[in-house]
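Right, one structure below, let's go through it.
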Amino acid sequence: VTIVGESEANATVVTGVDGTYSFTLVDNTYNMGVLAPADSGYGSSVVNGIVIAGGDVVQDVVLVSGANTLSGKVTLPDGTPMANVRVTAAPAGTNSDLPDVYTDANGSYSYQLSSGSYDLDLYKSNVNQTNLLGRFYDYTSKDINVTSDVTHDIVLDFVKINGKTTDANGVAIAGAYIGISGSYSIVNSGLYVGVFYGNAEDATYYSELSDVNGSYSFWVPKHNSYTVMLTPPDGSGFALTTVAGVDFSIDKLLNFILPLPDTTPAVIVSQPLVTMITDTTATVTWQTDEPSTTTIYYGEGNTTASSFS
């Protein structure tokens, strides 16, 4: 039995052998979902609008027999099962959530439901799931008609990204973290409407680590403009790098180059030469040993009267 009130976190208890349950709650209006035991033959139920106002409330729930099973698998496009995905069912078009179930090691989930139409909402963090950046939530499969036992498999509309992390000379950099920064609204194939959230700053949980050959591989929801953050290995001297507008709408091979910070000032190798002098203009040219930004100081009375960068 799961209960949730406005601005409060969910609370869940399991009924005793006599079917009783109990919550200790503050005054509020609550919705309650009851998940029938697997293979019990009873349908799950939702009770909305339970008002707690200064006194105890008794709310019995009658589960209806003759339930239907809604079950299936959640997988990546290559068939890899997605374990530990939180699946939440609700009568279609409502926010009356039934208690959550979680996919098993094979990506399988199962609900016992009374006849009707239902929406499924998916949530997944990348903790304990390799090759998945960040987390996704509010990925919804809508209007599933359940009038008998139904198998509803969900193939996530993700793409696979492979590549290497290297320096500017193409030498592999091992131990670099590749992560996605920010949150993104995702609308794919008319099936999923959700949010993907990447927290590349927390590299331990939300990034993929390149291996000894600099290679990496990960799955991510299709989206055409991600911000990718590259975190170099500690002590490597390479710079933390952010790349905006990265298109991950199809499977692709993509190499990332980590730059070395340039902390050495450019050297002028050819002294300034003034040419094409007129009453109002002059051309000043010089040469440095690398591309750089230079400031020219000039003036009638002294050379610091004006400047131009």
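- Annotation for Ala36 and Tyr42: closest pair CB-O, 3.2 Å, computed over non-hydrogen atoms.
- In the hydrophobic cluster analysis, where Ile, Leu, Val, Met, Phe, Trp and Tyr join through side-chain heavy atoms closer than 4.5 angstrom, Val64 is grouped apart from Val61.
- Put simply, the side chain of Val269 does not reach to within 4.5 Å of the side chain of Thr288, judged on heavy atoms.
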Under the criterion side-chain contact (heavy atoms from CB on, under 4.5 Å), I'd like the reasoning laid out for Val74 against Leu156: C-alpha separation, chi angles, the key distance, then a yes or no.
CA-CA 7 Å; Val74 180; Leu156 296 175; 4.1 Å; yes
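- Cluster membership for Ile50 and Val26, using ILVMFWY side-chain heavy atoms within less than 4.5 angstrom, is shared.
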Would Val87 and Ile154 count as a side-chain contact (heavy atoms from CB on, under 4.5 Å) here? Give the steps. CA-CA 11 Å; Val87 183; Ile154 299 173; over 6 Å; no
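- Thr20 and Asp18 share a donor-acceptor pair across their side chains, judged by distance under 3.5 Å alone.
- With hydrogens and angles disregarded, no donor-acceptor distance shorter than 3.5 Å links the side chain of Asp100 to the backbone of Arg86.
- Counted within 6.0 Å of CG on Asp143, heavy atoms from surrounding residues, nucleotides or ligands total more than 12; the atom is thus considered enclosed.
- Taking CD1 of Ile257 as the start and CD1 of Ile173 as the end, the distance is 9.0 Å to the nearest 0.5 Å.
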Point to revise | Verdict with supporting geometry, Tyr21 and Met32, side-chain contact (heavy atoms from CB on, under 4.5 Å) | key: CA-CA 12 Å; Tyr21 70 93; Met32 185 171 70; 3.2 Å; yes
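- In the displayed structure, Phe238 atom CZ is contacted under 6.0 Å by more than 12 heavy atoms of other residues, nucleotides or ligands.
- Tyr102 and Tyr139 are assigned to two separate hydrophobic clusters, defined by single-linkage of ILVMFWY side chains at heavy-atom distances under 4.5 Å.
- Distance CG/Asn68 to OG/Ser44: 11.0 Å, rounded to 0.5 Å.
- At least one donor-acceptor pair under 3.5 Å links the side chain of Asp78 to the backbone N or O of Thr80.
- When all heavy atoms of Ala83 and Ala105 are compared, the pair lying nearest together is CB-CA, 4.0 Å.
- When all heavy atoms of Ala172 and Asn213 are compared, the pair lying nearest together is CB-O, 3.2 Å.
- Between the CG atom in Asp289 and the OG atom in Ser270 there is a gap of 12.0 Å [rounded to 0.5 Å].
- Looking at Asp167, its side chain does come within 3.5 Å of a backbone N or O of Asn169 through a donor-acceptor pair.
- The shortest distance between side-chain heavy atoms of Thr281 and Met276 does not fall below 4.5 Å.
- Although no hydrogens or angles enter the test, the distance criterion places a donor-acceptor pair under 3.5 Å between the side chain of Asp27 and the main chain of Gly54.
- The one candidate from Asp247, Asp251, Asp157 that meets the salt bridge (charged side-chain N to carboxylate O under 4.0 Å, His left out) condition with Lys222 is Asp157.
- Within the 4.5 Å cutoff, side-chain heavy atoms of Phe248 are placed close to those of Val228.
- Aromatic pair Phe158/Phe136: centroids less than 6.0 angstrom apart.
- Side chain of Ser210 to backbone of Ala176: a donor-acceptor contact under 3.5 angstrom is found.
- Remark: the backbone N or O of Val146 is not paired with any side-chain donor or acceptor of Tyr118 at under 3.5 angstrom.
- Minimum heavy-atom separation, Ser22 to Val13: O-CG1, 3.8 Å.
- For the atom pair CG (Asn162) and OG (Ser217), the distance works out to 4.0 Å, reported to the nearest 0.5 Å.
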Determine, stepwise, if the pair Leu98 / Leu113 fulfils side-chain contact (heavy atoms from CB on, under 4.5 Å). CA-CA 10 Å; Leu98 289 163; Leu113 300 172; 3.4 Å; yes
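- The distance between the ring centers of Tyr216 and Phe218 falls below 6.0 angstrom.
- Atom OH of Tyr30 and atom CG of Leu25 lie 4.5 Å apart (nearest 0.5 Å).
- Put simply, the side chain of Val159 does not reach to within 4.5 Å of the side chain of Lys252, judged on heavy atoms.
- Side-chain atoms of Asn255 come within 3.5 Å of backbone N or O of Lys164 as a donor-acceptor pair.
- Panel note: side chain Asp153, backbone Lys73; a donor-acceptor pair is recorded below 3.5 Å.
- For Thr103 (side chain) and Asn84 (main-chain N/O), a donor-acceptor pair under 3.5 Å exists by modelled atom type.
- Side chains of His152 and Tyr109 form a contact here, defined as non-hydrogen atoms less than 4.5 Å apart.
- Inter-residue side-chain proximity for Thr94 and Asn48 is flagged as unmet; no heavy-atom pair is nearer than 4.5 Å.
- Looking only at side-chain heavy atoms (C-beta outward), Thr165 and Leu258 come within less than 4.5 Å of each other.
- In this structure, the side chain of Thr69 does not engage the main chain of Asp149 through any donor-acceptor pair within 3.5 Å.
- Once rounded to the nearest 0.5 Å, the distance linking OG of Ser65 with CD of Gln112 reads 12.0 Å.
- The nearest pair of heavy atoms linking Pro233 to Ala174 is CG-O, 3.1 Å.
- Using a 4.5 Å cut-off on side-chain heavy atoms (C-beta onward), Trp286 and Ile296 make contact.
- A pairwise comparison of heavy atoms in Gly49 and Asn31 identifies N-OD1, 3.0 Å as the closest pair.
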